[in-house]
Trainee: 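I have a structure I would like to understand better, so I am pasting it below and will then ask my questions one at a time.
We use all heavy atoms of the structure for the numbers below, so side chains are in, but hydrogens, waters and symmetry mates are not.
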Amino acid sequence: MSDTTKRLFILDTNVLMHDPMALFNFDEHDLFIPMTVLEELDAGKKGVSEVARNVRETNRLMDKIIDSADFETIRKGLALENIHPHKKDENASLHLGKLFFETEILKAELPTNIPSHKADNQILQTGLALKAKFPERNVTLVTKDINMRIKASAVGLHSEDYYNDRVLEDADLLYTGYEVLPDDFFETHGKDMKAWQEEARSFYELNIESDQQHSYYPNQCLISANDSGFSAIVRKIEAHKITLETMRDYTVGKHNVWGINARNSEQNMVMNFLMDPDIDFVSLLGIAGTGKTLLALACGLEQTLDQGIYNEIIMTRATIPVGEDIGFLPGTEEEKMTPWMGALMDNLEVLTMSDDHGADWEKQSTQELLNKRIKIKSLNFMRGRTFMKKYIIIDEAQNLTPKQMKTLVTRAGAGTKIICLGNIGQIDTPYLTETTTGLTYVVDRFKNWEHSAHITLKQGERSRLAEFASEAL
């Protein structure tokens, strides 16, 4: 550890439990893993949860790193670049640092009121001992535990959060899915504008500057700020022009979907994407009461029961803690998930109370039909499955990690549509934040794909009481 130009990062257990690939995400800097971390990893390796799987993957990677190395080699540090999983060229150099384990007793004095037998405090002792042993090096504890970072600062050890899993620097930078046009938009871009119709759909082709090409995204909504009521979807982006398609107006009664009409421009954008069979993936982000679940269900029922585009609706959500065993609840998989599906039941009640379904016996028949065509699934049993011609709704998606989100989205087979619903302001999963949640991850990664769409809803439609409470409380 004589190279003073490299930083020395001490990895806390929660970093490796969160991301096994963290071992390869510190560039040329060296890593140090205390013996206490290895003990905690050993204790967390059993089970079927996402954390347990990450621990086992971490153990496999470290076993591969340490394979056939003698004690002297381990003491001097193990090279990381030769076993990087993504390294394709054996002759290429990734310029990674070395991995060090605690091969000797490293202890430092802590304040007397801090119990030294606790695992977190033992890691702090190791960090302080390394700081004293290598005063010329920048020794940093990397942990996702806020309290651990506070305690590290209190005892004089520099600490940082694990930043590599952040999708964005700030959640305010997250793509919203729409843009409000300035009043002079058509004066600026409307010169030589082309307009035509295809199958009762209206299209416009507008000229743009070449440097403006990256300001637009596929299926981005453009809405006017004035009273003109213009609203369109970006369908094609080329070097010097964009093609727009006007939206269908779902706010008018004749365009209702299962008795539901859009109540504002945001909901109208959502319904245009939910009812578009060419859009395979839709993400809806917004606070409670913006209509995410109701709109997703109404459009799903229309396309499943009436149009026959999909043969079944699958509803799932993250149970907190995510991925843990739900076997303590009685009954089948669907019965075990029912307590988590209050939002589904509430919105189904709204849909079946619509005047379009007439008398009580008709409502009862409708409810029986819905029970057969709407399936409730647990995330625990999604791995390895493939869903064909399904309309899948993932509720509370903000509580999923990027890895869990990838597992779910890659289950989609031919003809399947996935809708992710969530509010990044209400994250319950430990160590996930607005910038690291799987919902933020898919919104950012899918925004350039022509078969996906995203809308951030801000206008609540639940009730005047709920709207006031969300603003005042």
Side-chain angles (χ1 to χ4, degrees), residues 176-181 197-204 217-235 243-310 313 343-344 346-357 366 370 391 393 395 417-421 451-463 467:
T176 62
Y178 63 90
E179 181 180 348
V180 179
L181 299 175
Q197 285 192 328
E198 294 180 10
E199 299 178 354
R201 298 185 301 168
S202 299
F203 293 86
Y204 300 90
Y217 298 94
N219 298 316
Q220 182 183 22
C221 296
L222 304 180
I223 56 177
S224 60
N226 51 39
D227 297 330
S228 66
F230 178 80
S231 57
I233 303 171
V234 178
R235 292 304 192 189
T243 301
L244 308 180
E245 179 188 352
T246 55
M247 293 186 200
R248 187 173 189 181
D249 189 2
Y250 285 98
T251 62
V252 298
K254 65 178 181 180
H255 290 161
N256 73 79
V257 177
W258 255 67
I260 300 297
N261 284 104
R263 292 190 176 185
N264 54 55
S265 60
E266 294 173 355
Q267 291 190 355
N268 190 56
M269 291 184 271
V270 169
M271 295 183 75
N272 270 271
F273 292 133
L274 292 176
M275 293 298 294
D276 187 348
D278 196 46
I279 302 295
D280 299 332
F281 182 87
V282 179
S283 53
L284 304 179
L285 192 154
I287 61 174
T290 51
K292 303 185 298 294
T293 307
L294 180 64
L295 296 177
L297 271 175
C299 294
L301 291 170
E302 175 75 19
Q303 295 172 92
T304 302
L305 298 180
D306 296 344
Q307 299 180 8
I309 298 175
Y310 310 103
I313 296 174
L344 169 64
D346 293 342
N347 284 283
L348 281 179
E349 183 177 352
V350 172
L351 292 171
T352 53
M353 284 174 60
S354 171
D355 292 336
D356 292 346
H357 296 287
T366 301
L370 295 183
Y391 187 93
I393 302 174
D395 200 10
K417 185 170 190 150
I418 293 183
I419 296 90
C420 288
L421 315 176
H451 298 290
S452 70
H454 167 74
I455 294 295
T456 297
L457 298 102
K458 299 178 182 178
Q459 187 172 344
E461 295 290 349
R462 183 165 285 174
S463 68
E467 185 176 354

Trainee: Is there side-chain contact between Tyr250 and Gln267, with heavy atoms separated by less than 4.5 Å?
Mentor: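 Not touching, per the 4.5 Å side-chain cut-off.
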Trainee: Identify the two heavy atoms, one from Cys299 and one from Val257, that lie closest to each other, and give their separation to 0.1 Å.
Mentor: CA-CG1, 3.8 Å
Trainee: Taking the side chain as every heavy atom from C-beta outward, state whether Thr290 and Glu266 have any atom pair closer than 4.5 Å.
Mentor: no
Trainee: Any chance you could measure Arg248, atom CZ, to Thr246, atom OG1, to the nearest 0.5 Å?
Mentor: 11.5 Å
Trainee: Could you report the tightest heavy-atom contact between Ala262 and Asn268, atom names first, then the distance?
Mentor: CB-N, 3.5 Å
Trainee: What distance separates Lys292 NZ from Leu284 CG, expressed to the nearest 0.5 Å?
Mentor: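 Here the interatomic distance stands at 8.0 Å.
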Trainee: Closer than 3.5 angstrom, by distance alone: can the side chain of His454 be matched with the main-chain N or O of Gly177 as a donor-acceptor pair?
Mentor: no
Trainee: Working note: Arg201 + Asp276, criterion salt bridge (Lys or Arg N to Asp or Glu O under 4.0 Å); need CA distance, chi angles, decisive distance, verdict.
Mentor: CA-CA 13 Å; Arg201 298 185 301 168; Asp276 187 348; over 6 Å; no
Trainee: Once you round to the nearest 0.5 Å, how far does OG1 of Thr176 lie from CD1 of Ile455?
Mentor: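 Thr176 OG1 to Ile455 CD1: 7.5 Å, rounded to 0.5 Å.
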Trainee: Within a strict 4.5 Å, meaning less than it, do heavy atoms of the Ile287 and Lys458 side chains meet?
Mentor: no
Trainee: If every non-hydrogen atom of His451 is compared with every non-hydrogen atom of Asp278, which pair is closest and at what distance?
Mentor: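 For His451 and Asp278, the tightest heavy-atom pair comes out as ND1-O, 3.0 Å.
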Trainee: Would you confirm whether Gln459, through its side chain, and Arg263, through its main-chain N or O, come within 3.5 Å as a donor-acceptor pair?
Mentor: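 The answer is no, because no donor-acceptor pair under 3.5 Å joins these two groups.
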Trainee: Identify the heavy atoms of Ile313 and Gly300 that sit nearest to each other, and give their distance.
Mentor: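 Nearest heavy atoms, Ile313 then Gly300: CD1-C, 3.5 Å.
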Trainee: With a sphere of 6.0 Å drawn around CZ of Arg235, does it hold more than 12 non-hydrogen atoms of other residues, nucleotides or ligands?
Mentor: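 Counting neighbours around CZ of Arg235, more than 12 heavy atoms of other residues, nucleotides or ligands fall under 6.0 Å, so yes.
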Trainee: Nearest heavy-atom pair of Val282 and Lys417: which atoms, and what distance?
Mentor: CG2-CE, 3.9 Å
Trainee: CD1/Ile393 to CG/Leu421 distance, rounded to the nearest 0.5 angstrom?
Mentor: 6.5 Å
Trainee: Between CD of Glu302 and OG1 of Thr304, what distance do you get to the nearest 0.5 Å?
Mentor: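 Here the rounded value is 9.5 Å.
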Trainee: Just wondering, do Thr251 and Asn261 contact through their side chains at under 4.5 Å, heavy atoms?
Mentor: no
Trainee: Could you tell me whether the side chain of Phe273 reaches within less than 4.5 Å of the side chain of Ile233, counting heavy atoms only?
Mentor: yes
Trainee: Can you tell if the side chain of Thr243 reaches within under 4.5 Å of the side chain of Val234, non-hydrogen atoms only?
Mentor: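 No; the side chains remain at least 4.5 Å from each other.
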Trainee: Please say whether more than 12 non-hydrogen atoms of neighbouring residues, nucleotides or ligands are located less than 6.0 Å from OH in Tyr178.
Mentor: yes
Trainee: Looking only at non-hydrogen atoms, find the nearest pair between Ser452 and Asn219 and report the distance.
Mentor: O-ND2, 2.9 Å
Trainee: Quick one: CD1 on Ile223 to CE on Met247, what's the gap to the nearest 0.5 Å?
Mentor: 7.0 Å
Trainee: Residues in ring-ring contact (aromatic ring centres under 6.0 Å, His included) with Phe281, at least two apart?
Mentor: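 By the ring-ring contact (aromatic ring centres under 6.0 Å, His included) rule, Phe281 matches Phe446.
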Trainee: Check whether any side-chain heavy atom of Tyr391 lies under 4.5 Å from a side-chain heavy atom of Ile419, and answer yes or no.
Mentor: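 Yes, their side chains come closer than 4.5 Å.
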